[in-house]
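Structure first, commentary second.
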Amino acid sequence: MAKTAPARRPDLSGSGLRTFSNIAERWSLSEQQQMKILGVESRSTLHSWKSKAKARQQIKLGRDTLERISYVLGIYKAINILLPIAERADRWMHAPNDAPIFGGKSALDRLTSGNVSDLFIVRQYLDAERG
């Protein structure tokens with residue numbers, strides 16, 4: 001992810017978090033899964049962020065969180081290009097996968113490890129599948 005100027009970060013934070021929330025709903029992510037993907041330890045932090053984003057109040061997410069959201073957006077886009085029927089794309093996230101990077105587990109299992117590197121790896125895998 002390109003370095004984001006601090007003055008723009010609040011603008012990206014709100015829209016990024018709103019988009020992440022929409023994707024989380026599409027993928028039927030639990031609150032715990034959302035926290036793992038975003039690298040958030042506290043439920044109250046997640047609730048505060050979402051509440052402010054929904055109300056379009058200013059919010060400032062850190063670079064790590066913005067990077068994680070960026071990976072999720074890329075993963076969402078890539079999977080929906082590969083599987084243009086939205087329901088199939090959403091189910092793919094939960095389905096066991098025999099590709100070596102997943103080891104029989106789902107993409108969602110990999111995404112919810114808590115490591116930003118796993119988000120990168122899934123994004124890279126999908127981009128390679130797209131060609």
Side-chain angles (χ1 to χ4, degrees):
M1 184 171 148
K3 188 173 182 178
T4 305
R8 290 274 303 144
R9 199 171 289 150
D11 295 338
L12 295 173
S13 294
S15 61
L17 196 56
R18 283 189 299 277
T19 304
F20 172 82
S21 294
N22 290 335
I23 292 170
E25 187 175 322
R26 290 262 351 165
W27 290 347
S28 302
L29 299 182
S30 70
E31 189 173 78
Q32 189 65 32
Q33 289 170 318
Q34 292 176 53
M35 290 171 59
K36 286 285 194 179
I37 291 170
L38 292 174
V40 177
E41 300 283 328
S42 165
R43 291 177 68 200
S44 61
T45 298
L46 180 64
H47 286 278
S48 174
W49 287 352
K50 286 181 147 190
S51 175
K52 287 179 179 179
K54 187 174 182 178
R56 298 190 182 273
Q57 295 175 350
Q58 186 169 351
I59 181 173
K60 184 177 178 182
L61 301 176
R63 286 186 67 197
D64 178 71
T65 305
L66 286 172
E67 181 179 4
R68 289 168 178 270
I69 290 172
S70 174
Y71 285 134
V72 169
L73 299 179
I75 290 165
Y76 182 81
K77 178 182 177 182
I79 195 61
N80 281 280
I81 289 170
L82 289 166
L83 300 169
I85 299 170
E87 293 77 20
R88 282 188 63 209
D90 297 340
R91 280 195 311 266
W92 182 87
M93 294 302 299
H94 294 270
N97 193 315
D98 291 331
I101 71 159
F102 300 115
K105 295 185 177 183
S106 71
L108 190 55
D109 288 329
R110 185 89 195 234
L111 295 179
T112 57
S113 72
N115 299 317
V116 70
S117 60
D118 286 314
L119 299 171
F120 170 77
I121 289 167
V122 172
R123 168 83 188 265
Q124 192 174 44
Y125 168 80
L126 291 170
D127 286 346
E129 288 295 308
R130 285 179 40 207

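The analysis underlying the following values was restricted to heavy atoms, covering all of them including side chains, and did not include hydrogens, waters or symmetry mates.
Distance alone, capped at 3.5 Å, is enough to place a donor-acceptor pair between the R68 side chain and the I37 backbone. Remark: the backbone N or O of L29 is paired with a side-chain donor or acceptor of Q34 at under 3.5 angstrom. Remark: side-chain polar atoms of R18 are paired, donor with acceptor, to backbone N or O of A53 under 3.5 angstrom.
Legend: residues meeting side-chain hydrogen bond (donor to acceptor under 3.5 Å, both in side chains) with D109, ordered by chain and number and at least two apart, are S106. Partners of R26 under the side-chain hydrogen bond (donor to acceptor under 3.5 Å, both in side chains) rule, at least two apart in sequence or in another chain, are D90.
Within the 4.5 Å cutoff, the side chain of Y76 has no heavy atoms near those of the T19 side chain.
In this structure, the separation between NZ on K52 and OG on S13 is 11.0 Å, given to the nearest 0.5 Å.
Counting all heavy atoms, side chain and backbone alike, H94 lies closest to L108 at CE1-CD2, 3.3 Å. Of all heavy-atom pairs between L119 and Y71, the closest is CB-CB, 3.8 Å. Taking every heavy atom of both residues into account, I75 and L126 meet most closely at CG2-CD1, 3.7 Å.
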inquiry  = Between L82 and W92, is the side-chain contact (heavy atoms from CB on, under 4.5 Å) condition met? List the steps.
reply    = CA-CA 11 Å; L82 289 166; W92 182 87; over 6 Å; no
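With E31 as reference, R43 is the one residue of K36, R43, K50 to meet the side-chain hydrogen bond (donor to acceptor under 3.5 Å, both in side chains) rule.
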